[in-house]
Amino acid sequence: MRRTGFALFPHIGESVQALRHLEFTFDGSRDAVSLYRSGVPIKVPAPERYALHKLIVAPLRSGTFREKRRKDLDQASWLLSVLSERRAYELWSAWDDLCRRGRTWRERVDALLEERPDARASLDLVEDEFGPPAS
């Protein structure tokens with residue numbers, strides 16, 4: 001039986017509530033184990049995609065979720081900083097993928113990066129090393 005507002009998400013093989021841009025986050029997801037009893041197999045997003053997803057969804061937060069927006073930006077900025085040093089190519093590859101998804105995606109994230117120069121600096125580092133992402 002299908003629940004309203006839910007859809008089968010092929011990356012994890014489960015029905016999930018529709019959240020915007022979730023497919024970007026789970027491209028390249030990894031198998032992991034949740035520490036509960038003997039362990040529960042789960043899928044987790046790649047950290048570079050998770051960080052960029054935070055930048056994608058942060059501007060969509062409004063009303064009572066406005067405070068979550070600041071938390072999303074803080075988490076993304078910190079994670080981008082670490083990834084630009086330790087997993088630069090993976091971060092650049094995810095950033096390139098995001099930019100290839102269309103002008104709206106890129107414009108939304110670029111507007112947010114104006115608010116967070118530290119996050120912009122992390123992405124600039126990987127662009128300096130690997131080149132600019134697709135336009």
Side-chain angles (χ1 to χ4, degrees):
M1 177 175 173
R2 186 166 182 215
R3 296 176 284 179
T4 304
F6 286 75
L8 179 64
F9 195 70
H11 294 299
I12 59 175
E14 294 290 333
S15 290
V16 297
Q17 186 175 12
L19 298 174
R20 295 181 70 182
H21 311 296
L22 193 59
E23 77 286 349
F24 174 81
T25 307
F26 278 101
D27 280 351
S29 62
R30 292 159 170 85
D31 293 325
V33 176
S34 176
L35 301 178
Y36 178 75
R37 295 187 180 172
S38 62
V40 177
I42 59 172
K43 293 271 190 189
V44 295
E48 57 277 1
R49 289 182 172 274
Y50 180 75
L52 293 172
H53 184 259
K54 290 285 188 178
L55 294 178
I56 295 167
V57 299
L60 304 175
R61 308 261 190 216
S62 62
T64 59
F65 296 102
R66 186 81 174 145
E67 184 60 28
K68 179 85 169 97
R69 181 182 190 275
R70 188 174 58 81
K71 183 179 173 186
D72 286 338
L73 293 178
D74 290 345
Q75 289 174 340
S77 294
W78 178 83
L79 197 47
L80 290 171
S81 173
V82 171
L83 292 167
S84 68
E85 294 177 15
R86 303 207 175 176
R87 294 178 60 139
Y89 181 76
E90 290 87 347
L91 176 57
W92 178 85
S93 181
W95 177 231
D96 183 62
D97 181 25
L98 183 148
C99 292
R100 289 176 187 272
R101 290 178 182 244
R103 184 176 47 88
T104 304
W105 285 56
R106 177 68 188 255
E107 287 173 354
R108 182 178 299 141
V109 173
D110 280 342
L112 214 57
L113 291 172
E114 293 294 320
E115 293 179 39
R116 293 305 296 251
D118 51 339
R120 175 76 258 174
S122 296
L123 291 171
D124 286 345
L125 280 174
V126 298
E127 286 183 11
D128 289 347
E129 187 171 348
F130 300 105
S135 300

### Query
Under the side chain to side chain contact (heavy atoms under 4.5 Å, CB included) criterion, do Arg87 and Val82 qualify, and how do the steps go?
CA-CA 8 Å; Arg87 294 178 60 139; Val82 171; over 6 Å; no
### Query
Is there a side chain to side chain contact (heavy atoms under 4.5 Å, CB included) between Leu91 and Leu123 once you walk through the steps?
CA-CA 8 Å; Leu91 176 57; Leu123 291 171; 4.2 Å; yes
### Task
Kindly determine whether Asp74 and Lys71 satisfy side chain to side chain contact (heavy atoms under 4.5 Å, CB included), including the steps that lead there.
CA-CA 5 Å; Asp74 290 345; Lys71 183 179 173 186; 5.6 Å; no
### Chi angles and distances behind the side chain to side chain contact (heavy atoms under 4.5 Å, CB included) call for Glu115, Arg69
CA-CA 12 Å; Glu115 293 179 39; Arg69 181 182 190 275; 2.7 Å; yes
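The nearest pair of heavy atoms linking Leu79 to Pro47 is CD2-O, 3.6 Å. Here the shortest heavy-atom pairing between Trp92 and Val126 reads CD1-O, 3.8 Å. Glu48 approaches Ala94 most closely through the heavy-atom pair CG-CB, 3.8 Å. For Gly28 against Arg30, the heavy-atom pair with the smallest separation is O-NH1, 3.2 Å. In this structure, Leu113 and Ala119 approach most closely via the heavy-atom pair CD2-CB, 3.7 Å. Residues Pro59 and Leu112 come closest through the heavy atom pair CD-CD2, 3.7 Å.
Put simply, Leu83 and Leu125 are part of two different groups of oily side chains (I, L, V, M, F, W, Y) that touch within less than 4.5 Å, one to the next. Using a 4.5 Å cut-off between side-chain heavy atoms of Ile, Leu, Val, Met, Phe, Trp and Tyr, with links allowed through other members, Val57 and Val44 fall into different hydrophobic clusters. Residues Tyr36 and Ile42 are members of one and the same hydrophobic cluster, defined by side-chain heavy-atom contacts under 4.5 angstrom among Ile, Leu, Val, Met, Phe, Trp and Tyr. Val33 and Phe26 fall into different hydrophobic clusters, where Ile, Leu, Val, Met, Phe, Trp and Tyr residues are linked whenever their side-chain heavy atoms come under 4.5 Å apart, directly or through other members.
Both the sub-6.0 Å distance and the 45° axial angle are satisfied by Arg49 relative to the ring of Phe24.
A 4.5 Å side-chain heavy-atom check between Leu55 and Arg108 finds every atom pair outside the cut-off. Counting heavy atoms from C-beta outward, Arg100 and Pro133 have side chains that stay 4.5 Å or more apart.
In this structure a side-chain-to-backbone donor-acceptor pair under 3.5 Å is present from Ser84 to Leu80. Side chain of Ser81 to backbone of Ser77: no donor-acceptor contact under 3.5 angstrom is found.
Within 6.0 Å of CH2 in Trp78 there are 12 or fewer heavy atoms belonging to other residues, nucleotides or ligands.
Checking each of Leu98, Thr25, Val109 against Leu52 for a side-chain contact (heavy atoms from CB on, under 4.5 Å) leaves exactly one that passes, namely Leu98.
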